[in-house]
Amino acid sequence: MQILTFDTYEQLSTHAATELVDLVAQKPNAVLCLATGDTPRLTYNKVVEMAQTRQVDFSQCAVVALDEWAGIPPDNNGSCHAFLHEYLFNPLKINASQICLFDALTTDPAAECARVNTWVTDHDGIDLMVVGIGVNGHIGFNEPGIAWGNDAHLADLAPITRTVGQKYFATEVPIEKGFTVGLRQVAAARRLLLLANGPKKAEIIRLTAEGEIGAEVPSTILRQHPNSALLIDSAAASLLNA
Ligand code: GLP
C-alpha cells in the first residue's frame, strides 16, 4: 500500500482525478467502481474538468457503483444513484447501458446482488476502484466484522453509519441496510485508491495504516493489496507515526 500525503484536499483530489482520467485516456473501455460521499466530490468535479480540457472520451467506459442505501428511491438526492448521475454520468455522457447501479427498491436483494456480481465478472473485473472510508473503517458498506471473501451483498449498517449517513439527506430517512460491492471484489480490483481528508478521519487512517490487519477494520485490506494507495490530506495524516 502506497501512502500519498498531500498538503490540501484540493491537491489530493487533483491527484485522484488525474489517475482516473489517465486510465480512461489509455483504456477508453476501462471498468471503474466508484464511491459516493463527500470525500470524492471534488475529485469527480476535477475529472469532469480534465476530461473536457484534455478531450478524454468517457463514453466507452463502464461504471459500477460501490454501494447504495437500501430502500432509498433513486430520485432522492441523497441516493448514490442521484449522486453519480449528477457528478459523473450526466456531465461525462456515460451511457446508461454501461452503468451498473444497485436497485435500492428491489424486492429480491439476493437476485440484485447476483446481478451486480455477474456484471463485474462479465466485465472481466474492475480496473480502478475509488473508495472513501467510514469512521469505523468501512469500505462501501463492508462494516467491521464482515468476511473478506464476500461479493456484493445487502449489509446491516453499523449504528455509526446510520447516524453519519443522515448527512446526505435533506430530510431524515430510515437507513438500516445498504447494498455494497464485497471485499473480495475490492481486493481483486487492479488498482485501488482510498481517499480520506479532514481531522475526523485521522484516527481511522492511523488504524488503517498502522493498526492490526483484520476484519475489525475492513480498510486494512488495502495493506494486503498489491496495487493500492491511500490518498490523504495532512489533517487525515496527522496521527500517523511514520
Ligand atoms: C459512506 C459510504 C461510503 C463512503 C463513506 C465515507 O457511508 N457507504 O461509500 O465512502 O461512508 O463517506 P464520506 O466521504 O462522506 O466521509
Side-chain angles (χ1 to χ4, degrees), residues 9 13 16 33-45 63-89 99-107 109 112-113 116 129-147 150-183 185-186 193-205 207-208 215-222 230-233 235-236:
Y9 170 57
S13 305
C33 178
L34 301 175
T36 57
D38 290 335
T39 310
R41 228 181 265 274
L42 186 57
T43 295
Y44 297 158
N45 283 338
V63 183
V64 56
L66 176 66
D67 53 15
E68 184 59 279
W69 306 97
I72 301 296
D75 60 356
N76 184 316
N77 279 339
S79 70
C80 301
H81 184 288
F83 179 104
L84 288 170
H85 276 85
E86 178 183 348
Y87 284 91
L88 290 174
F89 300 157
I99 295 167
C100 180
L101 297 163
F102 289 100
D103 174 5
L105 303 180
T106 181
T107 54
E112 182 58 10
C113 292
V116 172
M129 186 177 277
V130 177
V131 303
I133 185 170
V135 289
N136 63 358
H138 74 208
I139 292 181
F141 287 130
N142 291 282
E143 299 283 23
I146 190 70
N150 275 10
D151 283 338
H153 60 279
L154 180 61
D156 288 324
L157 301 181
I160 184 73
T161 304
R162 299 180 193 194
T163 306
V164 173
Q166 292 296 338
K167 70 176 174 169
Y168 306 116
F169 298 96
T171 55
E172 199 173 326
V173 290
I175 43 174
E176 287 163 13
K177 290 175 184 282
F179 288 96
T180 185
V181 160
L183 289 179
Q185 292 152 323
V186 173
L193 302 181
L194 189 152
L195 281 43
N197 69 291
K200 286 185 190 159
K201 299 288 173 73
E203 174 59 11
I204 194 61
I205 288 302
L207 291 172
T208 300
E216 284 315 305
V217 183
S219 52
T220 55
I221 200 167
L222 264 84
L230 201 54
L231 272 54
I232 48 181
D233 72 351

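These values consider heavy atoms only, across backbone and side chains, with no hydrogens, waters or symmetry-generated copies.
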Less than 4.5 Å apart, side chain to side chain, heavy atoms only: is that true for [X] and [Y]?
| X | Y | value |
| --- | --- | --- |
| Ile204 | Val217 | yes |
| Thr39 | Asn197 | yes |
| Ile175 | Phe169 | yes |
| Leu193 | Val131 | no |
| Asn150 | Leu183 | no |
| Asn136 | Glu143 | yes |
| Glu112 | Leu154 | no |
| Thr36 | Tyr87 | no |

Spacing of [atom1] belonging to [X] relative to [atom2] belonging to [Y], to within rounding of 0.5 Å:
| X | Y | atom1 | atom2 | result |
| --- | --- | --- | --- | --- |
| Thr43 | Leu88 | OG1 | CG | 10.0 Å |
| Ile99 | Leu101 | CD1 | CG | 6.0 Å |
| Ser13 | Leu195 | OG | CG | 6.5 Å |
| Thr163 | Leu157 | OG1 | CG | 10.5 Å |
| His138 | Ile146 | NE2 | CD1 | 12.5 Å |

Which atom pairs, donor and acceptor, lie under 3.5 Å between side-chain atoms of residues 71-84 and protein residues at least two apart or in another chain?
residue, atom, partner, partner atom, Å
Asn76, OD1, Gly78, N, 2.8
Ser79, OG, Pro74, O, 3.1
Ser79, OG, Asn76, O, 2.9
Ser79, OG, Ala82, N, 3.0

**Q.** Worked verdict on Cys33 versus Val63 for side chain to side chain contact (heavy atoms under 4.5 Å, CB included)
**A.** CA-CA 6 Å; Cys33 178; Val63 183; over 6 Å; no
Which atom names give the shortest non-hydrogen contact between [X] and [Y], and what distance separates them?
| X | Y | result |
| --- | --- | --- |
| Leu66 | Ala35 | CD2-CB, 3.7 Å |
| Leu231 | Ala16 | CD2-CB, 3.7 Å |
| His153 | Asn142 | CE1-OD1, 3.1 Å |
| Thr171 | Gln166 | O-OE1, 4.5 Å |
| Ile139 | Thr180 | O-OG1, 4.2 Å |
| Phe102 | Ala65 | CE1-O, 3.8 Å |

Q. Stepwise, does the side chain to side chain contact (heavy atoms under 4.5 Å, CB included) test hold for Leu207 with Thr220?
A. CA-CA 8 Å; Leu207 291 172; Thr220 55; 6.0 Å; no
Q. Is a side-chain N or O of Asp233 found less than 3.5 angstrom from the main chain of Gly198, in a donor-acceptor match?
A. yes
Q. Do the side chain of Lys201 and the main chain of Val135 share a donor and acceptor less than 3.5 angstrom apart?
A. no
Q.
Going by side chain to side chain donor-acceptor pair (under 3.5 Å), name the residues that satisfy it together with Tyr9, two or more places apart in sequence or in a different chain.
A. none
Q | Sequence neighbours excluded - salt bridge (Lys or Arg N to Asp or Glu O under 4.0 Å) pairs with any residue from residues 160-181 | A | Asp38-Lys167, Asp156-Lys177
Q. Is the distance between the ring centroids of Trp69 and Phe179 less than 6.0 Å?
A. no
